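Below: the structure, in structure tokens.
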Amino acid sequence: MSDWKVPITKTEIRKLRESVEPGRKIIIAWKEKGEETGRTKARKRNAVVIKKYEHFALCAYIKHGSQILESVKWVQILTGDGAWLV
């Protein structure tokens, strides 16, 4: 998580939500524990915003030929906590 001033205002969230249009590219990251080693690995996927909601964006990416949907909170994007706009 990046250093961020606290608190994030509703105005900042609204401005971000209004500026992001469906079709916008986003990187989604998460930590995954390896089965063999037990070590944590960072994984990233290139995704696309497909729908916007008040508190989050619905994003999609392709994994093994299937479309995967994942939600990302606007606050995550603002703080760089596992989601970044491209």
Side-chain angles (χ1 to χ4, degrees):
M1 194 163 157
S2 63
D3 294 330
W4 188 258
K5 61 182 179 177
V6 176
I8 296 171
T9 66
K10 290 180 180 182
T11 301
E12 290 171 309
I13 295 169
R14 180 183 47 78
K15 284 181 181 179
L16 174 64
R17 184 177 58 240
E18 289 174 354
S19 72
V20 174
E21 294 299 325
R24 177 81 184 260
K25 293 181 182 179
I26 186 169
I27 296 173
I28 301 172
W30 66 95
K31 293 182 180 177
E32 190 174 89
K33 196 171 193 177
E35 292 178 23
E36 296 174 8
T37 63
R39 292 183 180 172
T40 303
K41 297 179 184 179
R43 300 285 186 194
K44 292 183 180 180
R45 292 276 181 195
N46 293 316
V48 175
V49 174
I50 59 171
K51 194 161 185 179
K52 301 185 318 183
Y53 294 93
E54 184 177 358
H55 299 288
F56 65 94
L58 184 61
C59 304
Y61 59 88
I62 303 296
K63 181 178 180 181
H64 304 297
S66 297
Q67 183 182 42
I68 308 296
L69 300 177
E70 188 165 334
S71 62
V72 176
K73 294 179 184 176
W74 298 115
V75 173
Q76 286 179 269
I77 298 170
L78 284 170
T79 60
D81 184 21
W84 303 270
L85 293 172
V86 178

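Because the structure is predicted, anything quoted here is derived from the model rather than measured. Basis for what follows: all heavy atoms, side chains included, without hydrogens, waters or symmetry-related copies. In this chain, residues are counted from 1 in sequence order.
Contact record, Gln67 with Ala60: NE2-CB, 3.4 Å, taken as the closest heavy-atom pair. Closest approach of Trp30 to Tyr61, counting heavy atoms only: CH2-OH, 4.2 Å. Of all heavy-atom pairs spanning Arg45 and Ile62, the tightest one is NH1-O, 4.2 Å. Summarising the geometry of Glu54 relative to Arg17, their closest heavy-atom pair is O-NH1, 2.8 Å, with the distance given to 0.1 Å. Closest of all the heavy-atom pairs between Ile50 and Pro22 is O-CB, 3.9 Å. Across every non-hydrogen atom of Leu58 and Tyr53, the tightest pair is CB-CE1, 4.1 Å.
Separating the CG atom in Leu69 from the NZ atom in Lys51 is a distance of 11.5 Å, to the nearest 0.5 Å. The distance from the CG atom of Leu85 to the NZ atom of Lys25 is 13.0 Å, given to the nearest 0.5 Å. Here the CG-SG distance, from Asn46 to Cys59, works out to 11.5 Å after rounding to the nearest 0.5 Å. In this structure, the separation between CD1 on Ile8 and CD1 on Ile13 is 6.0 Å, given to the nearest 0.5 Å. Taken from CG in Leu16 to CD1 in Ile77, the straight-line distance is 5.5 Å, to the nearest 0.5 Å. In this structure, the separation between CH2 on Trp84 and OG1 on Thr79 is 9.5 Å, given to the nearest 0.5 Å.
A donor-acceptor distance shorter than 3.5 angstrom exists from the side chain of Gln76 to the backbone of Asp81, with no hydrogens or angles considered.
Scanning for side-chain hydrogen bond (donor to acceptor under 3.5 Å, both in side chains) contacts around Thr9 gives Glu12, with sequence neighbours left out.
More than 12 heavy atoms of other residues, nucleotides or ligands sit less than 6.0 Å from atom NZ of Lys52.
The side chain to side chain contact (heavy atoms under 4.5 Å, CB included) with Val72 is formed by just one residue from the set Ile28, Val49, Ile27; it is Ile28.
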